[in-house]
Amino acid sequence: MREFHRRIYNFCAGPAMLPTPVMEKAASEFLNYRASGMSIMEDSHRGKLFGEVLDEALSLLRELLYVPENYEVAFFSGGATLHFSAIPLNLLKEGESADYSITGIWAKKAMEEALRYNPVQKIYDGDSHHYTEVPRLTDANINETASYVYITSNNTLLGSRYPIIPEFTKTPLVADMTSEILSRKIDISRFGIIFAGAQKNIGPSGLSVLIIRKDLIGRSGRAIPLLMDYGLTIKNKSMYNTPPTYSIYMAKLVFEWLKQKGGIEAIERENEEKAKLLYDYLDSSSLYGAPVKKPYRSTMNAVFTLKDKSLEAKFVEKAEEQGLHGLEGHRLVGGLRASIYNSMPKEGILALIEFMKEFEASV
Ligand SMILES: *Cc1c(COP(=O)(O)O)cnc(C)c1O
């Protein structure tokens, strides 16, 4: 393995790179948090220090995303996948149905899991056009009987997203926003539930966040495993059991960093600019191509291909040598992918484009 004496640009889909100032802050507080003589990791979750961290983290998340009063916000341990099971169990009574829009592999997995508990239905599948676009869903596309409509707002593996978040008159919208939460301004009031694993835009893996409209809490009335029970977790302020304290502390640092940068509006502008630089280059090149149709392209995960597929392995190897890490596509999809989350600086995009130009000239 190559050794680096600097931080590299990590284009991995997740766990992803975190902002260097956040890592530096965490390092500086690691052994002795605010003159307590211990790490925040070593503090009791019922202690005053951690209590403040948790309160701060929850209120910063609310503030950054403009979460309205009639929504609750909570942390869970178990990642995004936990919610694939928790959503149907918390929202659906026995026998009730929900609609799933399959725009990629994560939506498919979520639906397969829900099917173990309830007769949920597929209302869209992008497979006929290889998931290069995303539907415009309205009331006309959904079932009367659906208790919620489920979407993956940004498709991490395939590099697409909903450019416009669907809006339904009555039916609550449930969204997995793992790979784009906090990257663009969204109207929370359009959603019944938003959830996200932390390891793409928030912090360490294994942690997830939930935003839920209050009237949906306890809807199913079912027996739900304790740690998946949204009502129980919220009632206990994300601390029914010992929460992942250090991960929540890291999330708080990321939220502070984001606020200091100017919040969601500032990061959205930056993300648009970064993505445009990369896609413009891909579209102008004769060696590379971007398969997702323009209106649906993700600003977080840029999927691309080489016209000559046999050069892919060499591309990845050369990029790794230069400290451009994790550019191979997902094992199920192939091709190449640059994940350019909030933490990826513009300099990282410029370094990648520079490398791609050199590679194109060398083959
Ligand atoms: C990464 C990812 C997941 C899986 O997250 P885990 O925390 O590993 O469960 C689910 N959905 C989307 C959209 C993702 O990007």
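Indexing begins at 1, ligand by ligand and atom by atom, following the structure's order. Every heavy atom of this structure was used, including side-chain atoms; hydrogens, water molecules and symmetry mates were not. The first residue of the sequence shown is numbered 1, and numbering continues consecutively from there.
No option in Leu64, Leu65, Ile186 other than Leu65 meets the side chain to side chain contact (heavy atoms under 4.5 Å, CB included) test with Ile181.
Using a 4.0 Å cutoff on heavy atoms, Lys109 does not count as a contact of ligand 1. Ligand 1 does not have Met177 within reach: every non-hydrogen atom of the residue lies 4.0 Å or more from it.
With a 4.5 Å cut-off on side-chain heavy atoms, Tyr279 and Phe304 do not count as touching.
Ligand-side atoms of ligand 1 in range of Gln199: 5 (O), 6 (P), 7 (O), 8 (O), range being under 4.0 angstrom from any heavy atom. Within ligand 1, the atoms closer than 4.0 Å to a non-hydrogen atom of Ala80 are 3 (C), 4 (C), 5 (O), 6 (P), 7 (O), 9 (O), 10 (C), numbered from 1 in the order shown. Every atom of ligand 1 with a heavy atom of Ser179 under 4.0 Å away is listed here by number and element: 15 (O). Atoms of ligand 1 lying under 4.0 Å from at least one heavy atom of Gly79, given by number and element, are 7 (O), 9 (O). The contact set between ligand 1 and Thr152, taken as ligand atoms under 4.0 Å from a residue heavy atom, comprises 13 (C). Near Lys200, with a cut-off below 4.0 Å to any heavy atom, the atoms of ligand 1 are 1 (C), 2 (C), 3 (C), 14 (C), 15 (O). Residue-ligand proximity, Thr156 to ligand 1, at heavy-atom distances under 4.0 Å covers atoms 12 (C), 13 (C), 14 (C), 15 (O).
What sits closest to atom 4 (C) of ligand 1 on the protein, heavy atoms only, is Trp106 CH2, 3.4 Å.
Rounding to the nearest 0.5 Å gives a distance of 3.0 Å between OG1 of Thr169 and CG of Asp139.
Geometrically, Arg46 does not engage Phe50 in a cation-pi contact defined by less than 6.0 Å to the ring centre and at most 45° from the axis. Relative to the six-membered ring of Phe355, Lys318 misses at least one condition, a distance below 6.0 Å or an angle of at most 45° to the axis.
By the criterion of a heavy-atom distance under 4.0 Å, both the backbone and the side chain of Thr81 are placed next to ligand 1.
A donor-acceptor contact closer than 3.5 angstrom is absent between the side chains of Asn90 and Ser220. Side chain to side chain, Glu180 and Ser298 fail the donor-acceptor criterion of an N or O pair below 3.5 Å.
Note: Tyr150 and Phe195 have tilted aromatic rings, judged against thresholds of 30 and 60 degrees for the angle between ring planes.
Between Ile181, Asp176, Asn301, it is Asp176 that holds the heavy atom closest to atom 12 (C) of ligand 1.
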